[in-house]
Amino acid sequence: MPKIVTLPGDGIGPEVTAAAVQVLREVAPDLTFEEHAIGGAAYDAHGDPFPQRTRDALRDVDAVLLGTVGGAQNSPWNSLARPMRPESGLLALRKALGCYANLRPVRVQPGLEHLSPLKPELARGVDILIVRELLGGVYFDGDRKLDGDTAYNTMRYTTPEVERVAKMAFWAAEQRKGRVTSVDKANVLEVSELWRRDVQALRDREYRSIHLNHEYVDSVAMLIVSDPSRYDVIVTENLFGDILSDLAAVIPGSLGLMPSASLGDGAGLFEPIHGSAPDIAGKGVANPAAAIMSAAMLLRHGLGRSDAANQIERAVALALREEPTRDLGGKADTKTFTHAVMEAIGTPVG
Ligand code: NAD
Ligand code: IPM
Ligand code: MN
């Protein structure tokens, strides 16, 4: 009986996580669920955005399903010392799990091109995997300070950090079209020079069958939306991957269609890429598809159950056709959409 820890978090997190758990229970009745606190909700309840009792629950966990963390711009959480803020809880969780590779698929399913704001001929067939480094760069481990009228952060990487995430990207590309685009800013940044050198050297040493190219992040920001089909796997550092993946959400049509899997040393972490959406939180209208598809990734990458994962993804595609949510120009609220997914799970394939 695999143990899943759920961390609903803040804003729409609890709403979309409840939908994902409902779907998981349907396709995998043997899973056990244990809910714990993270983010602002955890700070309010326990004085810590990543409390000890949540940490303890991860010791024997098989996979973690996270909602979202963070408050609105005027939230009192944003005035706390940085380590106490909701987002710091999430970063500490990622670190504690050792999840260094964040897989963010960007896919336009057949028949769902109309949900994209791009021309149908551009959106059709898009299937990109963004592999975002998740435990390094400017987010972690470098000098950082805000002092009067001066502030700095440090973007820092080591060769082992670059190689482990690049290996994940090459491994993923081997199961796909065999193409990897490494994204950096090597024309300006030393840290990108190291990144580019190490990714290329690893390819030349161990992954000769992979077609690798290097592109600058500013150019990719344009090309990923104007010619998305040019990409198979994209591998990039933490901050570039954060920004490019929100941008790439334009391709399927919403942040609400962007799931993720964070993999590394131990149990995986599965979460939508979107935030807590304070503007719609509590209204019951959030699109739970990203959370539900993250649950599918949990089954595939966390538990090795690809059939159940495929079953969920097929049901989500059907539900998006029948009952699109408001972020996609439709009318369905969270409950209606989730109901449509549950119905689609019950319908025979074909
Ligand atoms: P956001 O992703 O929460 O929202 C951006 C826009 O997308 C909003 O208009 C929102 O309503 C919409 N949106 C997002 N997810 C949606 C969904 N599932 N269905 C329908 N609409 C959706 O980004 P933001 O407003 O910049 O950030 C809000 C808070 O979330 C901040 O505190 C931020 O730090 C936090 N955040 C957390 C995570 C995370 O938990 N992984 C990710 C990003 C931002
Ligand atoms: C994401 C979020 C987080 C990040 C924040 C909330 C720490 O934007 O998961 O994409 O920057 O990684
Ligand atoms: Mn982000």
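Counting starts at 1 for both ligands and their atoms, following the listed order. Residues take their numbers from the sequence shown, with the count starting at 1.
Put simply, atom 26 (O) of ligand 1 has no protein non-hydrogen atoms near it, under 4.0 Å away.
Within the 4.0 Å heavy-atom criterion, neither part of His274 lies near ligand 2. With a heavy-atom cut-off of 4.0 Å, Arg85 does not touch ligand 2 at all. Residue contacts with ligand 2, taken as heavy atom pairs separated by less than 4.0 Å, involve Arg94 solely via side-chain atoms from C-beta onward. Heavy atoms of Ile12 found under 4.0 angstrom from ligand 1 belong exclusively to the side chain. Within the 4.0 Å heavy-atom criterion, the part of Leu90 lying near ligand 1 is the side chain and not the backbone.
Comment: Arg305 engages Asp30 in a salt bridge, judged by a side-chain N to carboxylate O separation of less than 4.0 angstrom. Ion pairing between Lys3 and Asp60 holds under the 4.0 Å rule for side-chain N and carboxylate O. Between Lys185 and Asp218, at least one side-chain N (NZ, or NE/NH1/NH2) sits under 4.0 Å from a carboxylate O, which counts as a salt bridge. We find that Asp141 and Lys95 are joined by a salt bridge, their nearest charged nitrogen and carboxylate oxygen being less than 4.0 Å apart.
Hydrophobic cluster membership differs between Leu91 and Leu269, with clusters built from Ile, Leu, Val, Met, Phe, Trp and Tyr side chains linked at under 4.5 angstrom. Note: the hydrophobic cluster containing Ile292 does not contain Ile12 (ILVMFWY, side chain heavy atoms under 4.5 Å, direct or indirect links).
Residues Asp56 and Gln52 have side chains that bring a donor and an acceptor to within less than 3.5 angstrom of each other. Judged purely by distance below 3.5 Å, without hydrogens or angles, the side chains of Thr159 and Asp198 pair a donor atom with an acceptor atom. With hydrogens and angles left out, the side-chain atoms of Arg300 and Asn310 include a donor and acceptor closer than 3.5 Å.
Here atom 28 (C) of ligand 1 lies nearest to Pro278 when heavy atoms of Pro278, Ser254, Gly39 are compared. Comparing heavy-atom distances from atom 22 (C) of ligand 1 across Ile280, Asp10, Thr68, Val69 singles out Ile280 as nearest. With Ser276, Gly9, Pro288 as candidates, the residue nearest to atom 29 (C) of ligand 1 on a non-hydrogen basis is Ser276.
Looking from atom 10 (C) of ligand 1 to the surrounding protein, the closest heavy atom is Asp279 OD1, 3.4 Å. Glu87 OE2, 2.5 Å is the protein heavy atom nearest to atom 34 (O) of ligand 1. What sits closest to atom 5 (C) of ligand 2 on the protein, heavy atoms only, is Glu87 CG, 4.4 Å. Among protein heavy atoms, atom 7 (O) of ligand 1 sits closest to Leu255 CD1, 3.8 Å. For atom 2 (O) of ligand 1, the nearest non-hydrogen atom of the protein is Gly275 N, 2.7 Å. Among all non-hydrogen protein atoms, the one lying nearest atom 1 (C) of ligand 2 is Arg104 NH2, 3.5 Å. For atom 2 (C) of ligand 2, the nearest non-hydrogen atom of the protein is Asp242 OD1, 4.1 Å. Among all non-hydrogen protein atoms, the one lying nearest atom 31 (C) of ligand 1 is Gly71 O, 3.6 Å. The protein heavy-atom contact nearest to atom 3 (O) of ligand 1 is Ala277 N, 2.8 Å. Atom 41 (N) of ligand 1 has Glu271 OE1, 3.3 Å as its closest protein atom, hydrogens excluded (heavy atom only). Of the protein's heavy atoms, His274 CB, 3.8 Å lies nearest to atom 14 (C) of ligand 1.
Distances shorter than 4.0 angstrom do not occur between any heavy atom of Ala290 and any atom of ligand 1. Under a 4.0 angstrom heavy-atom cut-off, Val285 registers as lying outside contact with ligand 1. Distances shorter than 4.0 angstrom do not occur between any heavy atom of Met258 and any atom of ligand 2.
Judged by distance alone, the side chain of Thr325 and the main-chain N or O of Ala332 form no donor-acceptor pair under 3.5 Å.
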From CA spacing to verdict: side-chain contact (heavy atoms from CB on, under 4.5 Å), Val106, Met258: CA-CA 7 Å; Val106 189; Met258 294 284 293; 3.9 Å; yes
Trace of the side-chain contact (heavy atoms from CB on, under 4.5 Å) decision for Leu31 with Asp62: CA-CA 10 Å; Leu31 303 185; Asp62 292 288; over 6 Å; no
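Of all N/O/S atoms in Asp242, OD1 sits nearest the Mn ion (ligand 3).
Interface atoms of ligand 1 facing Gly70, defined by a heavy-atom separation under 4.0 Å, are 32 (O). Each of the following atoms of ligand 2 lies closer than 4.0 Å to a heavy atom of Tyr139: 4 (C), 11 (O), 12 (O). Atoms of ligand 1 found under 4.0 Å from any heavy atom of Ile273, numbered from 1 in the order shown, are 42 (C). Proximity to Asp327 (heavy-atom distance under 4.0 Å) selects the following atoms of ligand 1: 20 (C).
With contacts defined as side-chain heavy-atom distances shorter than 4.5 Å, the pair Tyr231/Leu223 qualifies.
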